[in-house]
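All values below come from the heavy atoms of this structure, side chains included, with hydrogens, waters and symmetry mates left out. The model shown is predicted, which means the values in this text are computed figures rather than measured ones.
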Amino acid sequence: MLSRFIEYIKEKQLFEPSQRVLLAVSGGIDSMVLLHLFEKSEFNYGVVHCNFRLRGADSDEDEAFVREQVLNHGVPFFFRPFDTEEYARLNGISVEMAARELRYNYFEEIRSEKGYDYIATAHHQDDLMETFFLNLSRKTGIKGLTGIKEKAGHVIRPLLFIGRKEIEDYARFNFIEYREDYTNNEVIYQRNFIRHRILPLFSELNPSFKNSLPETIQHLREAEDVYSLCIKEAREKVVTTRENEMAVSIDALLRSPFSKTLLFEILSEYNFNPQVIDQILQGLKSVSGKQYYSKTHRLVKDREHLFLTRLKAEDERIFYLEKEDLELFAPFDLTIEKTDIDNFQIVKSSHVACIDLDKLEFPLLIRRWKQGDYFQPLGMTGFKKLSDFLIDEKIPVHEKENIWLLCSGQKIVWIMGHRLDNRFKISTKTRRILKIEIKKN
């Protein structure tokens, strides 16, 4: 099997012999066989181990076992314990998902800090098949049915060319020590249920099932390549991107003959689940302002577009503009100029405010707008709620959060980039002028 192992690495171009690989070793049979093959191949490698503290003393004994084995191999060893159950509780996810997130985050941290080129895991063909059925039991696109990839970013799986039986035979023939995880036999876990209940039933139905399913998955991967190309072309017709915002044209989306599939592929990469995407589709003809959330992004339906932005913490910062300031760099770049009325020329731009300097109370404040704010729009004698002004100006919901106010004391001087307050305008009595310009990127 050693020669097949080396040939598979070359064939799939997983890494070059000169590159450094970080092996994820749990102590179980799969990862111990991976460790043995790397040692026999004389590749440059280190070992990383996670103690998820889910099995009491057994978890600690796994760690001690791996530590001893690595000491015998004389290679670098990295280890970290985790409170996995607490992480799952705080993040509202399953223990299995928590362990996965903690594991891969830690692997990448070590890989980056210690200068390794790749992370190698001991996934094999049986894992590939289990993942196929696990994803099949959920709502998933074609990508979810292609299973585990032999190479994805910095993660490689050099054992995907063999199944569990071959691994067991190799371990027995080479007298490889390993630790048994008793939870692998508990069918309460989804993957174990598939391993012990579903796969044996299919093998009874078709004895060659374990050989044919990996071939089927390979066909699906080839189909996914064609599918992805079509989605890319369709996506370009409905999606536009500017700065930190993505817009989906509702009209162009509805004209697509496969609008549901297209929207799923656009939004799933931003962590929107299928149920929420179904709600978005049903709400495409509803009123503007409807909002939908994933754990990382927010989608807002406007009149003609769906606007996607990344979620961010509420910005409650306040910036101060002193009387002597000539520049300000937060929350965006500003240039400040003082002049007298004789040297003044009117600038017609929403990015420039020309204000009666003698009416201002310094320091000026720059802050986010909030419900209850009101001002006197330029050219009007009465006051208006800022929320009503933003509605009248047809400013989309997702852009309202980016509105900043320039204030003098408790009074709004300028809705920055939009409208000056009438109380601070230049008049026949004005003698000194403050000019503030928002610099465009």
Task: Asn51 to Ser59 - nearest heavy-atom pair and separation - done: OD1-CB, 3.2 Å

Looking at residues at least two apart in the chain, or sitting in another chain, which of them share a salt bridge (charged side-chain N to carboxylate O under 4.0 Å, His left out) with [X]?
X      : value
Lys385 : none
Lys285 : none
Glu108 : Arg111
Glu86  : Arg89

- [ ] Scan residues 207-227 for pairs that pass ring pair (Phe, Tyr, Trp, His ring centres under 6.0 Å), counting only residues two or more places apart or in two chains.
- [x]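 Every ring pair (Phe, Tyr, Trp, His ring centres under 6.0 Å) pair that includes a residue of residues 207-227, provided the two are not neighbours, is Phe202-Phe209.
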
TODO: Enumerate the residue pairs fulfilling ring pair (Phe, Tyr, Trp, His ring centres under 6.0 Å) with a member in residues 141-173, sequence neighbours excluded, ordered by first and then second residue.
DONE: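 Of all non-adjacent pairs touching residues 141-173, those that pass ring pair (Phe, Tyr, Trp, His ring centres under 6.0 Å) are Tyr8-Phe161, His36-Tyr170.
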
Under 3.5 Å, side chain of [X] to main-chain N/O of [Y], donor-acceptor pair present?
X      : Y      : answer
Ser41  : Phe38  : no
Asn206 : Ser208 : yes
Asp117 : Arg20  : yes
Asn273 : Gln275 : yes
His73  : Val75  : no

Residues [X], [Y]: salt bridge by 4.0 Å N-O rule:
X      : Y      : answer
Arg4   : Glu166 : yes
Arg53  : Asp60  : no
Glu109 : Arg80  : yes
Asp169 : Arg164 : no
Arg191 : Glu130 : yes

Open item on the list: side chain to side chain donor-acceptor pair (under 3.5 Å) for Glu101 and Tyr87? Distances and angles first, verdict last.
Closed with: CA-CA 10 Å; Glu101 288 187 8; Tyr87 181 88; 2.8 Å; yes

Task: Phe79 six-ring centre to Arg67 NZ/CZ under 6.0 Å and within 45° of normal - done: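 The answer is yes; both the distance and angle limits are met.
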
- [ ] Taking the side chain as every heavy atom from C-beta outward, state whether Ile336 and Glu437 have any atom pair closer than 4.5 Å.
- [x]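 Not in contact.
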
TODO: Indicate, with yes or no, if the rings of Phe375 and Phe389 have centres closer together than 6.0 Å.
DONE: yes

